[in-house]
Amino acid sequence: MSSPLRTLAVQDLYLRDSWLYRILPSVRHKPFSPMSCGDLTESWNEVEPDPNQLRWKPFNIPKSSEKKVDFILGLHTVCGAGDSKSRNGIAIHMYTCNTSMIDKCFQNADGDLLIVPQQGEILITTEFGKMMVEPNEICVIQQGMRFSVDVFRETRGYILEVFGAHFELPDLGPIGANGLANPRDFQTPVAWYEDHTVAIGYTIVNKYQGKLFSCQQDFSPFNVVAWHGNYTPYKYNLENFMVINCVAFDHADPSIFTVLTAKSTRPGVAIADFVIFPPRWGVANHTFRPPYYHRNCMSEFMGLIKGHYEAKEEGFQPGGASLHSIMTPHGPDVDCFEKNSTAVLKPERVASGTMAFMFESSFSMAVTKWGLDTCHRLDKSYYKCWEALKSHFNPNWKPSSK
């Protein structure tokens with residue numbers, strides 16, 4: 001169903017470009033005209049700001065028997081910040097669809113798309129070739145690349161869009177040469193083409209300055225017979241992530257789980273990080289192993305591909321999400337706190353059968369009207385998961401003598 005893939009060995013080079021050898025040039029098309037954007041937006045002032053902890057139940061997928069929805073029609077913006085015109089910002093979307101794109105492709109002139117399938121595999125046809133991307137894998141479609149999405153059942157996933165920067169591997173610092181996501185595990189398509197004439201018109205949908213436009217042409221854009229370069233789409237299997245973790249005490253910052261980052265102009269502060277929480281061993285002693293209660297200078301949007309997130313085993317479900325905004329306190333729910341406060345600190349396999357992730361950003365993100373209201377998936381009782389936390393303070397406690 002998909003063409004072969006090859007290792008993307010030059011993904012992190014500074015200069016990025018590719019040469020594409022086409023049957024017909026992509027410039028041969030009718031003029032672009034505006035089209036409906038649906039729930040896809042870059043308007044961050046639709047509703048008043050909300051600093052509360054937010055959690056969404058699994059987002060609904062339209063039934064194919066009721067309405068045919070392809071990848072483009074199924075895009076819904078949850079939150080974001082910044083501006084595609086000034087090339088500085090991000091947007092987070094959900095896609096929920098049930099049918100393949102027929103004689104239609106999508107091009108994002110605004111930025112890169114990091115796609116995280118959660119339910120159902122997607123076959124992505126790009127100008128560079130094909131990629132089958134399954135849950136527990138991710139792919140990146142870089143700015144301006146045209147692609148089409150085939151689905152095989154009711155399908156759902158998450159998208160992180162970044163304006164003005166490209167995703168790259170994080171600096172490893174003292175970790176050294178190997179660790180986290182290794183370059184050898186990224187894959188890019190091998191050239192595949194179709195010499196296909198579409199008499200009734202092939203539709204190119206272009207996202208430009210936050211709006212959608214479409215044009216027609218009479219041939220497939222996937223007519224690239226060969227290419228070379230390093231500006232390509234690529235995929236990565238999250239099972240290949242080499243976890244770095246603490247082995248003494250304390251809970252390590254989640255930055256040690258960064259797969260990809262989109263750097264800002266300020267060193268050490270990212271426009272966006274893609275962070276995962278994969279199965280791993282917990283071995284720290286004399287400490288509270290789960291995430292501590294905290295406020296921080298980043299916005300944290302979390303999603304769950306499968307399983308149960310260890311800090312909130314109930315309520316946070318696959319296909320749902322949460323948003324903890326800048327300086328809004330958050331942390332483990334009551335059950336997680338109580339269980340881990342009394343647990344025997346022996347080596348423990350954490351998050352088996354689970355894959356949670358986080359889109360973390362230095363931007364203060366605004367939630368859209370669709371995210372707060374229209375989707376009808378906001379869990380308004382989320383705050384209650386912390387209500388039963390009680391004080392364990394004892395002013396007379398003293399450490400035991402050894």
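Just so you know, these numbers use all the heavy atoms, side chains as well, and skip hydrogens, waters and symmetry mates.
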Do the ring planes of Phe316 and Tyr309 sit parallel (below 30°), tilted (30 to 60°) or perpendicular (above 60°)? perpendicular
Are [X] and [Y] packed together at the side-chain level, in the sense that at least one heavy-atom pair is separated by less than 4.5 angstrom?
X	Y	result
Leu372	Leu54	yes
Val198	Thr203	no
Leu160	Phe301	no
Tyr95	Val151	no

Check this for me: [X], atom [atom1], are more than 12 non-hydrogen atoms of other residues, nucleotides or ligands nearer than 6.0 Å?
X	atom1	result
Tyr292	OH	yes
His286	NE2	no
Glu48	CD	no
Arg349	CZ	yes

Please confirm whether the ring centroid of [X] lies under 6.0 Å from the ring centroid of [Y].
X	Y	answer
Tyr158	Phe357	yes
Phe222	His196	no
His330	His294	yes

Gap separating the CD atom of Glu239 from the CD1 atom of Ile276, nearest 0.5 angstrom: 10.0 Å
Gap separating the CG atom of Leu20 from the OH atom of Tyr193, nearest 0.5 angstrom: 15.0 Å
Sequence neighbours excluded, which residues qualify as salt bridge (charged side-chain N to carboxylate O under 4.0 Å, His left out) partners of Lys390? Glu338
Glu46: which residues meet the salt bridge (charged side-chain N to carboxylate O under 4.0 Å, His left out) condition with it, sequence neighbours left out? none
Tell me, which pairs form a salt bridge (Lys or Arg N to Asp or Glu O under 4.0 Å) where one or both residues lie in residues 110-128, sequence neighbours left out? Arg22-Glu127, Asp110-Lys207, Glu121-Arg153
Closer than 3.5 angstrom, by distance alone: can the side chain of Asp273 be matched with the main-chain N or O of Val275 as a donor-acceptor pair? no
Could you walk me through whether Asn88 and Ser86 pass the side-chain hydrogen bond (donor to acceptor under 3.5 Å, both in side chains) check? CA-CA 6 Å; Asn88 189 32; Ser86 61; 5.7 Å; no
